[in-house]
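Report on the structure given below.
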Amino acid sequence: MTLYAEVILPLPVSQAFTYIVPEPFIGSARAGSRVLVPFSQRMLTGFIIGLRKRSPTPGIPLKEIAEILDGEPVFSSSFLSFSRKLSDYFYSSWGELLQASLPPSFILKSRTRLSLTEKGTAALEDRVLSEEEKKVLSFLQKKDYSLLFLKRRLHLKGLSALLSRLEKRGLVEIQRSMERIKKKRTLPVTGSQAQLELDFSLDAISRQTADRISASIKSRSFTRFLLYGPAEKRESVYFQLIKKSLEVRKKALFLLPEIALTQALREKFEKRLGERAALLHSRLSESKRELEWLRIKEGEAEVVVGSRSALFAPLDDIGLVIVDEEQDESYYQQESPSYDARKGAWLRAKGLGATLVYGSALPRISAFFRARKRGYLVNLEGKKERKKVEIIDSRRERRAISRKLVVRISERLKNKEPVLVFLNRRGYASYLFCSECNSVPRCQRCDIVLTFHKRDKSLVCHYCGYSTPVAVDCPDCGRRMSRSRALGIEAVEEELRDIFPQSRVRSLATDLSRDEQENVLRSYNRGNTDILVGTQLLARQTDLRPASLVVILFPEIILTLPDYRASERTFRAISRMMSFLGPGSDAEAIIQTALPDHFSIRLAASNDYRSFFLEELSFRRLLNYPPFSHLVEILFQGENLRNLARQSRRFMERVEKGSADIEILGPGLAPVPKVRGRARVQVILKASRKEILDDALREPMRTARAKKTVLVHE
DNA sequence: AGCACGCCGACT
DNA sequence: GTCGGCGTGCTC
């Protein structure tokens with residue numbers, strides 16, 4: 001009797017392939033194990049997801065599994081079902097997701113090595129060859145090369161085809177050999193069992209919260225919470241919960257944004273959890289990450305701390321999943337295989353009957369909404385700090401640094417107090433606004449700010465593609481429209497140096513190397529910088545010395561991005577920047593903006609998340625944006641725009657046929673319409689339920705071949 | 001993804 | 001007339 005295996009491969013196709021399990025492997029083939037299988041011309045590492053006794057596709061000749069790579073499955077059945085749901089939800093390939101959950105050395109592939117045959121050597125001498133053939137053959141004269149190397153070295157189109165022609169003629173030999181299979185490493189046994197020191201003094205509310213969540217961990221059934229409150233309070237609750245989880249002999253998974261995984265935090269975990277904690281994040285070297293992965297797999301780590309990809313930690317007996325700083329967008333992996341670790345944490349916790357805890361001081365609107373509605377919001381808010389804030393209307397000012405600012409900054413400098421100046425990275429393109437009534441042209445259908453296109457003098461909606469000629473005069477009041485003057489931080493830095501020539505001014509942005517960035521930060525933290533100017537990057541720092549004056553310049557830059565969450569992002573950015581204010585009553589923030597009355601700016605200044613939430617929510621409800629709808633953003637990328645436009649249109653026609661209950665915006669140019677010469681076209685779909693989108697997208701997703709990125713908003 | 005096949009445009 | 005572009009389909 002023949003045994004068949006359903007195998008998932010790390011390809012952008014979601015179907016399983018059936019292979020015959022050869023006689024000697026029948027005992028060792030298990031679901032969740034890696035296998036080596038022949039696939040077309042090459043060998044790939046695949047994953048068995050199921051075994052069956054009968055061929056599902058009689059008539060089709062099946063190939064045999066070449067090798068089974070695992071004695072024990074690398075994936076448990078619960079992990080398989082979790083990862084499958086995750087890939088379904090985010091329209092990404094299951095196989096690629098499985099591949100991404102393993103250390104890179106676990107994936108074996110055949111390598112093509114090319115060598116010149118004797119006949120080939122002879123041909124170089126006396127045969128008539130084309131230029132390209134000569135080029136390839138003479139290259140192989142030196143030594144054998146891999147296909148990949150040749151591709152990089154000789155920029156020839158259709159190299160593969162050329163090579164297979166040469167192979168047929170017997171001039172080159174193409175060998176496909178496996179990369180060396182790594183021996184499974186035996187792990188050093190770590191003997192020390194550090195005693196946990198998790199005694200924390202919690203205030204009454206935190207204690208109550210911890211108790212409530214602990215009860216849920218004990219119950220071992222899926223429950224979720226959103227911890228809303230400041231970082232220190234959340235942290236003490238987390239440690240309490242981890243302790244609880246370990247008490248009931250369940251493991252804990254603790255996710256953090258990459259940036260938060262600083263040295264300080266790492267030490268904290270090591271000190272408190274010792275050998276029981278494993279760390280997984282992208283800054284670890286490949287070998288270190290593999291070592292940690294193996295430790296977790298072997299059951300040696302009881303707590304796994306890590307960033308986004310730690311979601312795939314090989315654990316099954318999880319009692320607690322924590323996702324801290326849930327608002328952080330780095331939880332969403334946009335590159336293939338794309339997924340959102342926050343949703344993933346939900347799927348995993350649910351599948352395992354674990355307790356899920358999200359935490360944030362500034363949760364996403366959607367997350368806060370759901371938590372409130374479904375009763376899992378836990379409030380850790382302390383007494384609300386009133387901060388001294390002043391909003392300056394920049395429209396009345398000539399220069400980026402207003403006179404008032406000059407005065408305030410010089411006061412601080414006189415007292416040798418540090419000053420932080422934030423300026424959000426300027427947009428990729430400008431927009432128009434009326435300097436009189438302040439109105440900014442928006443798309444009527446999407447209520448998104450229209451982007452100014454210089455070349456064809458038009459205003460374009462990057463959401464739905466709507467386009468209109470540039471208005472010279474304001475449609476509301478008839479005055480002349482102005483182009484926003486977008487300033488970068490370099491200009492501000494220059495201006496500050498100009499005004500305060502005695503001061504030490506430095507700036508921080510992503511265009512600096514990592515070393516330079518650290519240099520700038522160290523200098524500021526040590527008091528060797530008087531004024532530090534920075535973008536969002538500066539606002540994301542965790543170990544920044546507080547300043548007694550925080551200057552926020554033009555936060556409306558975010559507000560004018562073509563994104564339905566622009567207000568939310570503005571509110572959060574301002575709040576975060578203000579969090580760097582020192583504790584004294586003397587500390588002060590100054591916001592300089594052309595939109596001083598916008599609710600996101602006003603409410604961020606008064607530190608009022610709840611009012612902001614309510615106001616923003618009513619806007620979302622009005623325009624049917626998440627959390628009142630499900631939204632899927634599809635980005636098509638390709639060499640030529642014409643072709644892309646056609647493909648995206650055809651894609652949309654199929655979606656339209658699939659369901660009448662989907663609102664389609666676009667196709668239109670993406671917010672960044674061209675990246676390194678590649679055109680980008682985007683479509684946005686809205687529906688009341690995710691399943692409506694899933695059903696309508698299933699078919700078009702499989703058949704459309706253009707490169708596409710899908711973002712799911714809920 | 002990687003590769004083969006097949007149908008339309010610019011050229012030895 | 002052919003070469004070769006990429007649009008399409010398939011891989012167990």
Side-chain angles (χ1 to χ4, degrees), chain A residues 2-22 25 29 34-68 87 92-100 104 107-114 128-133 146-152 155-168 174 176 335-338 636-651 654 678-679 699-709:
Chain A
T2 325
L3 186 66
Y4 300 90
E6 296 286 288
V7 174
I8 288 288
L9 297 168
L11 301 173
V13 290
S14 50
Q15 70 189 284
F17 294 88
T18 310
Y19 285 87
I20 294 167
V21 181
F25 294 157
R34 290 175 303 150
V35 286
L36 216 50
V37 290
F39 188 74
S40 149
Q41 299 300 299
R42 52 207 168 129
M43 280 287 185
L44 290 179
T45 300
F47 313 100
I48 302 181
I49 54 157
L51 295 162
R52 51 172 60 202
K53 302 220 166 95
R54 189 170 289 165
S55 166
T57 48
I60 296 180
L62 300 178
K63 291 185 180 174
E64 293 189 344
I65 288 175
E67 196 153 356
I68 293 185
S87 69
S92 44
S93 135
W94 190 12
E96 289 182 356
L97 222 48
L98 289 172
Q99 178 178 41
I107 307 299
L108 314 164
K109 279 187 196 134
S110 61
R111 268 225 311 212
T112 28
R113 285 206 83 75
L114 308 161
V128 197
L129 297 165
S130 76
E131 272 309 303
E132 295 187 338
E133 288 168 341
S146 74
L147 182 60
L148 219 71
F149 182 85
L150 225 63
K151 260 187 187 153
R152 264 199 291 265
H155 300 281
L156 290 176
K157 288 210 168 174
L159 179 64
S160 315
L162 178 69
L163 283 168
S164 55
R165 278 199 304 274
L166 289 172
E167 187 191 24
K168 263 182 211 140
I174 303 178
R176 291 167 219 275
E335 321 83 70
S336 181
S338 66
F636 297 86
Q637 296 188 76
E639 297 305 321
N640 78 43
L641 184 59
R642 194 189 223 98
N643 185 16
L644 214 56
R646 211 185 63 208
Q647 294 222 47
S648 60
R649 231 176 297 119
R650 205 161 34 189
F651 184 91
R654 281 186 210 154
R678 295 176 96 206
E699 198 55 36
M701 283 293 209
R702 229 199 11 243
T703 43
R705 65 198 50 267
K707 247 202 189 70
K708 49 198 181 310
T709 316

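Numbers restart at 1 for each chain; the letters A, B, ... are given by sequence-line order, proteins then strands.
- With a 4.5 Å cut-off on side-chain heavy atoms, A:V21 and A:I48 do not count as touching.
- Residues A:Q637 and A:T709 form a side-chain contact, since some pair of their non-hydrogen atoms from C-beta on lies under 4.5 Å apart.
- Whole-Å rounding puts the A:K707 NZ to C:dG7 C1' distance at 15 Å.
- Rounding to whole angstrom units, CG of residue A:L9 and C1' of B:dA1 are separated by 11 Å.
- C:dC12 atom P lies 19 Å from atom CG of A:L51, rounded to whole Å.
- Across the protein-nucleic acid pair, A:Q41 atom CD and C:dC10 atom P stand 17 Å apart, rounded to whole Å.
- When rounded to the nearest whole Å, the span between CZ of A:R42 and P of C:dT11 equals 13 Å.
- Here A:P10 lies out of heavy-atom contact (under 4.0 Å) with every strand.
- Side-chain contact between A:V37 and A:F17 is absent, with no heavy-atom pair separated by less than 4.5 Å.
- A:I20 places none of its side-chain heavy atoms less than 4.5 Å from the side chain of A:I65.
- Note on A:F39: a base of the nucleic acid sits closer than 4.0 angstrom, heavy atoms only.
- Rounded to whole Å, atom P of B:dA1 lies 14 Å from atom CZ of A:F17.
- When distances run from any side-chain atom of A:R646 to the nucleotides B:dA1, C:dG7, C:dC12, the shortest one goes to C:dG7.
- Contact annotation for A:V7: no contact, since no heavy-atom pair falls under 4.0 Å across all strands.
- Base engagement by A:Q15 is indicated by at least one non-hydrogen atom pair under 4.0 Å involving a base atom.
- Distance A:Q647 CD to C:dG9 C1': 14 Å, rounded to the nearest Å.
- At whole-Å resolution of the value, CE in A:M43 and P in C:dT11 are 18 Å apart.
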